[in-house]
Amino acid sequence: DNPVKTIVIVAVLIRITIVFLYGQITPYPDSEDYMSLGLRLLNFDLSGYGGERSSGYPFLLALCRLPFMSSHSIIPLGILLPQLAIGVAT
C-alpha cells in the first residue's frame, strides 16, 4: 500500500536482474581517466592534474578503495554495489 516502498522494491529487482543478465560491466574509453583521478584523490596527490574531470565519481571510487586497473578489466562489485544503491536512492 506504500507507493515509495513499491518503487524501491521494483528498482532493486530491476538492478539485480540486470546484474545477473549482463554479467560484466565494460568500462568506456574515458573510464581510465576517472580511475586515475580516483587514485590521485586516494593518495591525496593532485600534482600535475589539469582538471579534465569532475571529482564526484572519482571521489566515489576513492571511497570504495577500488583497486585501480586498466580500462580492459572488469569493474569489481566494490564499486558496482554502491552505484546500484545510489541508483535506487535517487
Side-chain angles (χ1 to χ4, degrees):
D1 28 286
N2 186 346
V4 174
K5 181 179 176 181
T6 304
I7 291 170
V8 169
I9 290 171
V10 169
V12 168
L13 290 176
I14 289 171
R15 282 162 175 78
I16 289 172
T17 303
I18 289 172
V19 166
F20 284 114
L21 292 178
Y22 193 67
Q24 84 177 30
I25 306 299
T26 306
Y28 287 95
D30 65 343
S31 296
E32 202 159 324
D33 294 340
Y34 287 101
M35 291 181 187
S36 174
L37 179 54
L39 185 59
R40 288 174 181 265
L41 291 172
L42 189 61
N43 293 327
F44 298 103
D45 180 18
L46 293 177
S47 59
Y49 177 64
E52 297 88 7
R53 299 277 172 222
S54 61
S55 59
Y57 185 67
F59 184 68
L60 176 64
L61 294 174
L63 283 177
C64 294
R65 300 201 184 276
L66 177 71
F68 294 91
M69 49 187 99
S70 73
S71 60
H72 302 291
S73 300
I74 297 172
I75 296 178
L77 289 177
I79 188 61
L80 183 61
L81 295 178
Q83 282 182 241
L84 292 176
I86 290 170
V88 168
T90 58

Interatomic spacing from OH in Tyr34 to CG in Leu60 - rounded to 0.5 Å: 12.5 Å

Heavy-atom closest pair, residues Gly38 and Ala62: O-CB, 3.5 Å

Non-hydrogen atoms of Gln83 and Tyr57 that approach each other most closely: OE1-OH, 2.9 Å

By side-chain hydrogen bond (donor to acceptor under 3.5 Å, both in side chains) - contacts of Asp30 (at least two apart): none

Linked, directly or transitively: Met35 and Ile86 (ILVMFWY side chains, under 4.5 Å): yes

Partner residues of Val88 under the side chain to side chain contact (heavy atoms under 4.5 Å, CB included) criterion, sequence neighbours left out: Val8, Ala11, Val12, Arg15

Gap between atom CG of Leu39 and atom CD of Glu32 - 0.5 Å precision: 11.0 Å

Distance (rounded to the nearest 0.5 Å) between Arg53 CZ and Asp33 CG: 4.5 Å

Reported CG-to-CD1 distance for the pair Leu84 and Ile14, which is rounded to 0.5 angstrom: 12.0 Å

Same apolar cluster: Leu46 and Leu63, side chain cutoff 4.5 Å: yes

For Tyr49 against Leu37, the heavy-atom pair lying closest together: OH-CD2, 3.3 Å

All side-chain hydrogen bond (donor to acceptor under 3.5 Å, both in side chains) counterparts of Thr90, not counting sequence neighbours: none

Ile9: hydrophobic cluster co-members (side-chain, 4.5 Å): Leu13

Asp45: partners by side-chain hydrogen bond (donor to acceptor under 3.5 Å, both in side chains), with sequence neighbours left out: Ser47

